[in-house]
Amino acid sequence: MSVRVRFAPSPTGEPHIGNVRTVVFNWLFARKMGGQFILRIEDTDRVRYRPETIPVIMEGLRWLGLDWDEGPGLEELRHAGVENAEAYAVGGPYGPYIQSERLPLYKQVAEELVAAGWAYRCNCTPERLEEVRQTQRARGQPPMYDRHCRYRPPDAISPDEPHVIRLKVPLTGRTVFQDVIKGEVVFENAGIDDQVLLKSDGFPTYHLAVVVDDHYMKVTHVIRGDDWVPSTPKHVLLYQALGWDLPVFCHVPLVTMPGGKKLAKREGATSITEFRKQGYLAEALLNFLALLGWAPGEGETQEIFRREELIERFDLYRVNRAPAAFSYDKLDWMNGVYIRSLSPDELLERLLPFWQEAGLVPVPCPPPTRAVLRRIVPLIQERIKHLTDVVEMTDFFFVDIAPPSADDMLAQGLDAERAREVLRRTREVLADVPDFSEEAIEPPLRALVEELGLTNRQVFGLIRVATTGKAVSPPLFGTLSILGRERVLARLEAAERQFQP
RNA sequence: GCCCCCAUCGUCUAGCCUGGUUAGGACACGGGCCUUUCAAGCCCGAAACACGGGUUCAAAUCCCGUUGGGGGUACCA
């Protein structure tokens, strides 16, 4: 039987990076096993529901290269109010893939459970429930539903009045399940709450919906975050009540923030959209995420794995049991590695939107500008860790700079008189070179250093500040060449004027 | 509180299952080389088996406990 796994986000916002890592494991496992990866939208929480996040979630997955074999089709996406639904519709033989489109199914299963004595109706008010919990807490007891309605006559609550349906958890015994990375996990039934399966608004809770859908969608491996472990016995009970085969459970450890603390906005990106905006490459993020909690083992020290290599080597059974802290440092390094591995043309394509976003390059990019960009790229390729870094590093190519302060230009220890001389002589030399190519510029400039009896650092440093306005810039000769004679001479002159009394 | 999970350098990890390693790699960090700045690259360095008991000739590896961390405890997922 073919492996079938799923990612089932709740459209209440963008999944945080820990969830995304879990998706990566699901996807990798499906691809590795030649199985199917299913996308299912779990929109059963009507209070927090935000339909506009559905396409955002899908865009994120696509950007990362995590394609799904089955998922919401055209009609369901339109029902959900997704604009441009055609762009996202995939469909599949076990749809619908949006839970709000499957309500009758959940209702039917819940009623079957009631009829079979595995569930019961409950019309306790939220107020009563809260009261019960309060007193339990006060007594130091675990807060659980007190099963008030469980012991009322079956016809005490009419199917027509508002009520919920709860799972009738066995009072004794234990529920056991096997987990791919944890092994056997045991729960005492006495500690398991009579979970609500069907809410009073007719929507199922996660617990009912996930079991029903995973069953009917023929999901073979439930790979999800560790936080679901305590709910799993409820699901197991449901499978048993329904007489359905259990899927293989695999609870992967959670991802924490660098400090080891819970994932939270604040410091750094937490969603795919944010990483994308901050100039990370999809292939770098994928590589990084795959290695967060998983390693090929067997003494392997390689860390850079292309998508195909990840698929080939990924092993669900080797996923680490301990939680992993997200490391922006390591991601940044890896992003740099991927940036450096790109061809200059490819890098240019990736960089273009960031230059445009910053307003440095027009949209669309005119061919002559593109030619200039193509010359800039090799100069900055090994100097950026994020695509966004290019903006600050190259802005002086596109906009006029203010003449640098005298202080900035004297940072290399020259006095004003000397600095003026250097700038003047540089201007003379550069005015004379036959063409403004890097090759034509470098030798006379080096000769000038000799002539003035100064160091490379002193002379080139000054020229750098004068022409780019920065103490740190791409390599000088290439930079000057791209800037062009006219602008270089003008900036040198402006810089020189800074020393006029 | 109760339940569940987890524990190797600061971080990600290899090693653990099938006890015997100078406990390996990477990021970050420190130093050096290269060098027009910054990077990149190369070399070197510092850095870990949480603690306590067992079992054993031998424990990072197996068992128990402690501590610590995380998760769950909703008509959220």
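- Side-chain polar atoms of A:Thr232 and A:His251 form a donor-acceptor pair below 3.5 angstrom.
- For B:C38, its base never sits under 3.5 Å from the side chain of A:Ser473 at any donor and acceptor pair.
- B:G25 sits 31 Å from B:G70 when the P atoms are compared, rounded to a whole Å.
- Among the protein residues, A:Pro143 comes within range of the nucleic acid bases, having at least one heavy atom under 4.0 Å from a base atom.
- Residue A:Glu298 is in sugar-phosphate contact alone, with no base atom involved, counting any heavy-atom pair closer than 4.0 Å across all strands shown.
- Between the side chain of A:Arg166 and the backbone N or O of A:Arg147, no donor-acceptor pair lies under 3.5 Å.
- B:G20 and B:U56 have their C1' atoms separated by 12 Å, with the value rounded to a whole Å.
- A:Gly191 comes within 4.0 angstrom of nothing in the nucleic acid, heavy atoms only.
- Nucleic acid contact for A:Thr44: sugar-phosphate only, since backbone atoms but no base atoms lie under 4.0 Å from a heavy atom of the residue.
- Nearest to the side chain of A:Asp227, among B:G72, B:U13, B:U37, sits B:G72.
- A:Phe477 comes within 4.0 angstrom of a nucleotide base, judged by non-hydrogen atoms across all strands.
- A:Asp332 comes within 4.0 angstrom of nothing in the nucleic acid, heavy atoms only.
- Nucleic acid contact class of A:Glu42 (heavy atoms, under 4.0 Å, all strands): sugar-phosphate only.
- Under a 3.5 Å cut-off, the side chain of A:Glu76 and the backbone N or O of A:Ile98 do form a donor-acceptor pair.
- Across all strands shown, A:Leu476 has heavy atoms under 4.0 Å from base atoms, whether or not it also approaches the sugar-phosphate.
- Straight-line distance between the C1' atoms of B:U67 and B:A50: roughly 8 Å, to the nearest whole Å.
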